[in-house]
Every structure is written in structure tokens, then in C-alpha cells.
J.: 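Next up is a structure, given as C-alpha cells.
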Amino acid sequence: MTEDSSTHIPEGKWVFDKSVGDCFDDMVNRSVPLYDITLDLLGRLALRHLGVGHRRTLVDLGCSNGQALDRILSIVNADPNAGNLRVIGVDCEKHMLDRATARLGGTVEFVQHDLRNPLPWNVMSSKPNVVCLLWTAQFVPLEVRARIFREIRECIDPSGCLIVAEKLRGQTSRFQQVLASEYSAWKVREAGYTEESVSKKATSLEGVLVSLSAPEQKQFMAAEGWSVEEVTRYLGFASYYCLPR
């Protein structure tokens with residue numbers, strides 16, 4: 001059973017250690033606005049590329065404990081038109097992959113891999129129809145982030161899609177100040193966190209979670225060969241439906 005994430009108050013720089021893993025389900029649901037709504041939409045968009053007739057592949061890069069992947073697969077697998085599906089989940093943390101394996105059983109191939117390195121061969125060779133990058137790229141250093149989008153573009157099926165979710169920063173320091181204030185207030189008001197825990201988590205994430213502004217995010221992906229459509233945004237959290245050009 002997942003723990004109450006309000007008891008997790010980080011000290012020092014943020015890391016995805018076991019203490020985060022123990023409360024990750026609760027933490028994500030309480031920290032990402034429109035979490036379920038976003039995943040349901042992205043699952044329906046993914047389904048458009050996973051139709052009947054052929055072996056299809058879905059890859060989740062940064063799958064953590066499998067919570068988001070489980071939600072997307074529940075939508076895909078419920079559709080009678082979904083094709084024969086291969087699913088690959090990738091994450092660098094073994095304790096997260098252990099939880100994902102317990103959640104999703106033998107239905108997913110899990111790969112332990114750090115995205116700061118080139119994508120693993122079994123992902124590149126699978127020619128995926130759908131790639132998920134959900135609140136993951138923001139934790140990858142900017143100097144290698146472009147390579148990830150480029151490698152996905154190189155290996156994805158020409159009729160496939162990339163679905164991305166990210167936390168954004170404001171376009172100016174003034175916008176960022178307002179967005180950060182409103183987000184912190186939302187976490188206290190709607191998610192039930194204390195102001196102390198919100199403040200300490202924000203401090204611990206500085207330099208670990210590196211966001212782009214909305215225009216920068218779209219330009220960043222477009223530069224690596226993607227046509228990009230923003231499909232949700234609220235309190236600086238956005239998701240994108242991307243097609244290879």
C-alpha cells in the first residue's frame with residue numbers, strides 16, 4: 001500500500017529514492033493537476049496509433065512505478081479495436097521497476113536504463129507506434145534532452161506518435177512568480193499539503209527539475225522533427241500530442 005506523501009519532506013536535493021517510491025502514487029496524484037484527465041486523453045490519442053491488424057509497440061520512457069502506464073493501458077486494452085500489443089517500460093531506478101513489475105505483471109517488458117545515455121537497442125529496434133515521455137524529460141539534463149527527442153524520431157514508426165507531459169515555467173520571471181505562487185496555493189488548498197512541505201519540495205527540485213517555457217518546449221521538440229499540438233495545460237503543466245514530420 002502506498003504511503004501518505006504528506007509525510008515525505010525532502011532534505012537536500014531531490015532524488016527518486018525508496019522513500020519517494022513508497023509514496024509515489026499518492027504524491028503524483030496530489031502534485032500533478034489534471035493528472036487522471038491528462039492520462040485519459042493521452043491514452044485515447046495513443047489508441048489511434050494502436051489499431052487492429054499488426055503487432056504494435058508502446059514504449060514508456062521513464063515509467064517509474066507503472067502508475068501512468070497502467071492508466072493508459074487500461075484505456076488501450078479496453079478497446080476491441082486495439083491491436084496485438086508489445087509494451088516496453090524503461091526507468092533507471094530498480095526499486096521503481098520492481099513496483100511496476102508487481103503492478104503490471106508479465107504484460108510489460110521492463111528495462112533498467114538511464115536516459116542520459118542513448119536509448120537501449122531493444123527500444124530503437126522495436127520501431128514503436130507510440131512513445132510516452134510523461135513528466136520525464138524535465139528531469140533529464142538539457143544538454144542531452146534534444147538527443148532523446150531525436151532518437152525517438154529516428155526509431156518511431158512513420159505513422160506513430162509521441163505523447164509528452166511536462167511541467168513548464170513561465171515565459172517571463174513575472175509570469176513564473178505568479179504561476180509558482182498559484183501552484184503552491186493549489187497544493188495546499190486542493191491536495192492538502194502543508195506550506196512547509198510544499199516549500200521544501202520546491203527547494204529540493206531546484207536544478208533537478210529544469211523546465212522550459214511553453215514556446216521553448218514546442219520549439220525544442222519541433223527542432224528534432226516533430227509536429228507538436230498542445231492538448232492540455234493547467235497551472236504550468238502541459239501535455240503534447242506529437243507526430244513525426
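Please read all numbers here as calculations on a predicted model, not as lab measurements.
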J.: Picking from V164, L61, L69, L39, what satisfies side-chain contact (heavy atoms from CB on, under 4.5 Å) with L134?
T.: L39

J.: Would you call the rings of Y183 and W186 parallel, tilted or perpendicular, taking 30° and 60° as the class edges?
T.: parallel

J.: Can we say D25 and R103 salt-bridge, meaning some charged N sits less than 4.0 Å from an Asp/Glu carboxylate O?
T.: yes

J.: How about S5 and Y193: does a side-chain donor come under 3.5 Å of a side-chain acceptor?
T.: yes

J.: Ion pair present between D4 and R30, side-chain N to carboxylate O less than 4.0 angstrom?
T.: yes

J.: With a 4.0 Å cut-off on N to O distance, would you call R99 and D22 a salt bridge?
T.: yes

J.: Would you find a donor on one side and an acceptor on the other, under 3.5 Å apart, between the side chain of K13 and the backbone of E206?
T.: yes

J.: Might you point out which heavy atoms bring A46 and C161 nearest each other, and give the distance in Å?
T.: CA-SG, 4.4 Å

J.: Tell me if a side-chain donor or acceptor on E166 pairs with a main-chain N or O of Q138 at a distance below 3.5 Å.
T.: yes

J.: Do the charged groups of R44 and D40 touch, with an N to O distance under 4.0 Å?
T.: no

J.: Count the heavy atoms of every other residue, nucleotide or ligand shown that sit under 6.0 Å from CD of E230, and state whether that count exceeds 12.
T.: yes

J.: If you draw a 6.0 Å radius around CZ in R189, do more than 12 non-hydrogen atoms from other residues or ligands fall strictly inside?
T.: yes

J.: Report the relative orientation of the aromatic rings in F149 and F220; use parallel for angles under 30°, tilted for 30 to 60°, perpendicular for over 60°.
T.: perpendicular

J.: Quick one: do the N122 and E109 side chains pair a donor with an acceptor below 3.5 Å?
T.: no

J.: Which residue is it: R150, R147, R153, R245? I am looking for the one with a side-chain hydrogen bond (donor to acceptor under 3.5 Å, both in side chains) to E224.
T.: R150

J.: How are the rings of W135 and Y35 set relative to one another: parallel (under 30°), tilted (30 to 60°) or perpendicular (over 60°)?
T.: tilted

